[in-house]
Visitor: 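Dropping a structure here in structure tokens format, bear with me for questions.
Sequence lines set the chain letters: A, B, ... in the order given, protein chains first and strands last, and positions in each chain run from 1.
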Number of protein chains: 4
Amino acid sequence: MQKKIPEEKLQALRNTGISEFASKGLDGANINVIARKAGVSVGTIYNYFGTKENFFTACLEQAMKDLETALMEASAGDVPLLTRADRLIRAVQAYSRENIEVIRLYNEITSSSGNKMAGSLARKIESISSSAYKKTIREAARKGEIRSDVNVEYLAFFFDNLLTTLQFSYACPYYKERLKIYCGEEGLKDDDLMRKNLLAFMDAAFDPKGRTKK
Amino acid sequence: MQKKIPEEKLQALRNTGISEFASKGLDGANINVIARKAGVSVGTIYNYFGTKENFFTACLEQAMKDLETALMEASAGDVPLLTRADRLIRAVQAYSRENIEVIRLYNEITSSSGNKMAGSLARKIESISSSAYKKTIREAARKGEIRSDVNVEYLAFFFDNLLTTLQFSYACPYYKERLKIYCGEEGLKDDDLMRKNLLAFMDAAFDPKGRTKK
Amino acid sequence: MQKKIPEEKLQALRNTGISEFASKGLDGANINVIARKAGVSVGTIYNYFGTKENFFTACLEQAMKDLETALMEASAGDVPLLTRADRLIRAVQAYSRENIEVIRLYNEITSSSGNKMAGSLARKIESISSSAYKKTIREAARKGEIRSDVNVEYLAFFFDNLLTTLQFSYACPYYKERLKIYCGEEGLKDDDLMRKNLLAFMDAAFDPKGRTKK
Amino acid sequence: MQKKIPEEKLQALRNTGISEFASKGLDGANINVIARKAGVSVGTIYNYFGTKENFFTACLEQAMKDLETALMEASAGDVPLLTRADRLIRAVQAYSRENIEVIRLYNEITSSSGNKMAGSLARKIESISSSAYKKTIREAARKGEIRSDVNVEYLAFFFDNLLTTLQFSYACPYYKERLKIYCGEEGLKDDDLMRKNLLAFMDAAFDPKGRTKK
DNA sequence: GATGAATGAGCGTTCATTCAT
DNA sequence: AATGAATGAACGCTCATTCAT
């Protein structure tokens, strides 16, 4: 007897939220404005999400779901590590271009110093991609595609660090500028060049016959 | 000769600002509170800095100056690339432990999406370290310490990305949690292990005889 | 014959209302919460009562009905004034203990300054008990149980004042504290002592041979 | 070096508060409106009082101070109990006419069921008048002006009850209507009649030779 | 008739900024 | 130059009320 799932409505609401939170930040965004932009009343947002913070988290999770899916797909299949890395970088590049706001939102929480949620959000968001990356690296290690003198966990960590920074570099103002400082406008525009370089970097770093391997 | 004691007063003021901005964020921090904690009037802050945002920037720059000095020192001298990398990582580790607030402040601007200053701040802050890193890599390249198939600029970029993420991982709540997810408590505590792994990773990535170099 | 089960439903509804209004006050109580607690929809409350204020009044009247009945019973019968007073005090004491919420609700309107209904409610509620008290006193006067130098109406008024304050003193936080200040915890707990003292007080006040009667 | 005491400003502010709280109640009154009426900004009220509740308490205390003074004066001096009672009733009547709002404010807290402050407010407000009344009665008892079979504390309590109800009856809508129901318009207007009757009632009640005295 | 999702005016509170002293 | 009281726009959140189903 309950009303039909207003799931699509919620989706739309969250999408408006993503957009606002991504551009203004958690503090900067205004719930009343979000409501107006979403074509609903403030009350509705509060009926659904209870608090601004809750609503923010809900937006974030919706945003992250897509990103995760994209990354999961890219890291699926039984392919050589390099191929997988190539796919991942491509996915990151494509996604960052098309979903600037999601990346910005992600970047947003990444720096919520004054925020109690930082810890729990990290656990919620990072655990998924981290386990995927770890698995990927571990399998590659089993196949002998990877040097054995570096800890699998740390490799996955560095790997993620490089991908994450790349994402931010395509979507977030500060990182964007930083990328330009390092690589010029080209760094921002020439995706192939970036990918080629990053792949080479990673490949060498993983190389079982690499220098530090004695 | 009129300005009696301004500079040291300003320093103290900025330090209070750094502390507050680092823990509460730009939005979360309260100018009136900062003034009280610093033992001056709000009016004074406004006389000196004009706006909250300006004051924030001033705090940031003061904070960054120290960090830069630390990194510059670590990357000075005519030593092999690996040695330099080792020093840099040590510097990052030491600095992150002792100056959590500075790192957090840095992390703070890194994600100020809704902020006009992002761009100019990036230019002001990053250009220094980037030119140092580029120079370092370039020299290493000249000495044949580095693979030639990867662009120097991009190498420096990846290099910085790894160091920056490491900093954040030691100082910022979200990144801290993320590091734990990847490497466990150990990753946060065992600096030697982290350094060893990161060094190996970087070393291989730079290796002139690395895999992708055919 | 259409109205199937309305009255008992209404009763339940009002009882929930009494409970909420008694503990939160007219302003503090939340219609949506009341509806949830009563297991009906807000719409139902509005269908039945039109406005929050109306609903409050309805609750109040339901509550008052019980109280009135209790007091009426206590003041019935052809007994000496003192006996009647004794019964009334007992009734007030018993009722206040068992129906804290009703008393609080009564106390609530008693101080609704900003409220148009104050006047009409007073007329609705007080006229009943007042006429009973007046009749009681008048009969007592006819039997010579009462001094003739004090106006019957005023006597009834003072009489009611003492009973009403007593009620509040047993049920309402402020009055409770006040009673403790005057008579200590004992005043709150020793009903017999209170009754004995109040009876003596009243008895003397009514005494046809009292001091001011010259 | 501090600014001159803004005490008169605070007084004015509190007086505006008294007026609004008296007519609208704690919940009903609007801080923004009070600020406007007082000719200050909301911020100022919050600078001085911190919260609405605090401000309310401050208003209440200011209001109560006057009332207390009036009652203290009336109960001062070494005069027979009846004279004192006469003065007190006169004081109550005069004060209630001239300070309706204060009485209403007092009445307001008297019924704050949903309110944590009820207890502490009672202690703050009532302890003063109660100790004065107790002392009065105790002295009268020492002089043999008072019956010995009724507890001094309880006598003081009943005494206060009668005076308090009288106050409310002159100032608060509900009580006003109630008074009219008992005594007609006359009860509201003829202060002498009311005083005469109440005095007679009290006098008899206190009479050492009263009926219940065996 | 009953429902409960939606509404949006309204309120308490905060805080960057100003300016008279 | 320094102060800090005053300001008031702005915001998160509540809840009485409505109305489509």
Side-chain angles (χ1 to χ4, degrees), chain A residues 1-4 6 9 26-36 39-56, chain B residues 2-6 9 26-36 39-56, chain C residues 2-6 9 26-36 39-56, chain D residues 1-4 6 9 26-36 39-56:
Chain A
M1 208 56 73
Q2 317 148 77
K3 293 276 149 62
K4 301 97 134 271
K9 194 172 197 167
L26 170 51
D27 289 316
N30 178 332
I31 287 284
N32 293 272
V33 169
I34 294 177
R36 189 153 48 248
V40 301
S41 68
V42 230
T44 297
I45 296 188
Y46 278 88
N47 282 339
Y48 285 142
F49 303 99
T51 61
K52 189 192 192 184
E53 215 167 74
N54 256 261
F55 179 47
F56 176 77
Chain B
Q2 325 155 278
K3 300 184 170 196
K4 293 271 191 58
I5 17 90
K9 194 172 191 173
L26 171 52
D27 287 314
N30 179 330
I31 287 285
N32 291 271
V33 169
I34 293 176
R36 188 156 47 253
V40 302
S41 68
V42 242
T44 298
I45 296 187
Y46 276 85
N47 284 338
Y48 284 143
F49 303 99
T51 61
K52 188 191 192 185
E53 216 167 69
N54 260 263
F55 178 48
F56 175 78
Chain C
Q2 325 155 274
K3 301 184 174 196
K4 293 271 192 58
I5 18 90
K9 193 173 190 173
L26 171 51
D27 288 314
N30 179 330
I31 288 284
N32 291 272
V33 169
I34 293 176
R36 188 157 47 251
V40 301
S41 68
V42 241
T44 298
I45 295 186
Y46 277 84
N47 284 338
Y48 283 142
F49 304 98
T51 61
K52 187 190 193 185
E53 216 165 71
N54 260 264
F55 178 49
F56 175 78
Chain D
M1 207 56 73
Q2 318 149 74
K3 291 276 149 59
K4 300 96 135 275
K9 194 170 198 169
L26 171 51
D27 288 316
N30 177 332
I31 287 285
N32 291 271
V33 169
I34 293 177
R36 189 154 46 249
V40 301
S41 68
V42 231
T44 296
I45 296 187
Y46 278 87
N47 282 339
Y48 285 141
F49 303 100
T51 61
K52 188 190 193 186
E53 215 167 73
N54 255 261
F55 179 47
F56 176 78

Visitor: Considering only side-chain heavy atoms of C:Asn47, which listed nucleotide, F:dA2, E:dA2, E:dT14, is closest?
Guide: E:dA2
Visitor: Is any N or O donor-acceptor pair between the side chain of D:Asn32 and the base of E:dG12 shorter than 3.5 Å?
Guide: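 Yes, a donor-acceptor pair under 3.5 Å.
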Visitor: Using heavy-atom distances to pick each residue's nearest nucleotide on DNA chain E, tell me which of C:Gly39 and B:Gly50 is more 5'.
Guide: C:Gly39
Visitor: On DNA chain F, check which nucleotide each of C:Asp27 and C:Gly43 is closest to and give me the residue with the more 5' one.
Guide: C:Asp27
Visitor: Any sub-3.5 Å donor-acceptor pair from A:Lys52's side-chain atoms to A:Leu26's backbone N or O?
Guide: yes
Visitor: List the residues meeting side-chain hydrogen bond (donor to acceptor under 3.5 Å, both in side chains) with C:Asn47, not counting sequence neighbours, and say none if there are none.
Guide: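 side-chain hydrogen bond (donor to acceptor under 3.5 Å, both in side chains) check on C:Asn47 returns nothing, list empty.
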Visitor: Using atom NZ of B:Lys52 as one end and atom P of E:dT18 as the other, report the distance to the nearest whole Å.
Guide: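 Distance check: B:Lys52 NZ to E:dT18 P gives 14 Å.
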Visitor: In whole angstrom, what separates B:Ile34's CD1 from F:dG4's P?
Guide: 17 Å
Visitor: How long is the gap from CD1 on D:Ile45 to CD1 on D:Ile31, to the nearest 0.5 Å?
Guide: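 Taking CD1 in D:Ile45 and CD1 in D:Ile31, the distance rounds to 5.0 Å.
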Visitor: Separation of B:Phe56 atom CZ from E:dA16 atom P, in whole Å?
Guide: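 From B:Phe56 CZ to E:dA16 P: 13 Å.
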Visitor: Would you call D:Tyr48 and D:Thr44 a side-chain contact if the rule is heavy atoms closer than 4.5 Å?
Guide: yes
Visitor: Only stems of 3 or more consecutive Watson-Crick or G-U pairs count here, both distances under 3.5 Å; name the ones for DNA chain E, or none.
Guide: E:2-21 with F:2-21
Visitor: Pick the closest DNA chain F nucleotide for A:Ala29 and for C:Ile31 by heavy atoms, then say which residue is nearer the 5' end.
Guide: A:Ala29
Visitor: If you define the side chain from C-beta out and look only at heavy atoms, does anything of B:Phe56 sit under 4.5 Å from B:Thr51?
Guide: no
Visitor: Using heavy atoms to find the nearest nucleotide of DNA chain E for B:Gly28 and D:Gly28 separately, return the residue whose nucleotide is more 5′.
Guide: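 Closer to the 5' end of DNA chain E: D:Gly28.
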Visitor: Can you see if the side chain of A:Thr44 gets near the phosphate of E:dT7 - specifically, an N or O under 4.0 Å from OP1 or OP2?
Guide: yes
Visitor: With a 4.5 Å heavy-atom cut-off, do D:Arg36 and D:Val42 have their side chains touching?
Guide: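 Sidechains of D:Val42 and D:Arg36: no contact.
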Visitor: What's C:Phe55 touching, base or sugar-phosphate or nothing? Going by heavy atoms closer than 4.0 Å.
Guide: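 Contact class for C:Phe55: none.
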Visitor: Measuring to OP1 and OP2 of F:dG8, would you say a side-chain N or O of D:Ser41 lies under 4.0 angstrom away?
Guide: no
Visitor: Any side-chain N or O of B:Tyr48 less than 4.0 Å from the OP1 or OP2 oxygen of F:dA1?
Guide: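 Answer is no, no contact under 4.0 Å.
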Visitor: Have a look at C:Asn30 and say if it touches a base, only the backbone sugar-phosphate, or nothing, with a 4.0 Å heavy-atom cut-off.
Guide: sugar-phosphate
Visitor: If you compare every side-chain N and O of A:Lys9 against the phosphate oxygens of E:dA5 (OP1, OP2), does one of them come in below 4.0 Å?
Guide: no
Visitor: Ignoring backbone atoms, test whether D:Tyr46 places a side-chain nitrogen or oxygen under 4.0 Å from the OP1 or OP2 oxygen of F:dT7.
Guide: no
Visitor: If I compare all heavy atoms of A:Ala35 with all of A:Ser41, which pair ends up nearest, and what's the gap?
Guide: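 Of all heavy-atom pairs spanning A:Ala35 and A:Ser41, the closest is CB-C, 3.8 Å.
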Visitor: If you look at every strand shown and take non-hydrogen atoms under 4.0 Å, does D:Phe49 touch a base, only sugar-phosphate, or nothing?
Guide: nothing
Visitor: Tell me the interatomic distance from A:Ile45, atom CD1, to F:dC15, atom P, rounded to whole angstroms.
Guide: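 To the nearest whole Å, that distance equals 18 Å.
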Visitor: Please classify the nucleic acid contact of B:Val33 as base, sugar-phosphate, or nothing, using heavy-atom distances under 4.0 Å.
Guide: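 The residue B:Val33 makes no contact with any strand.
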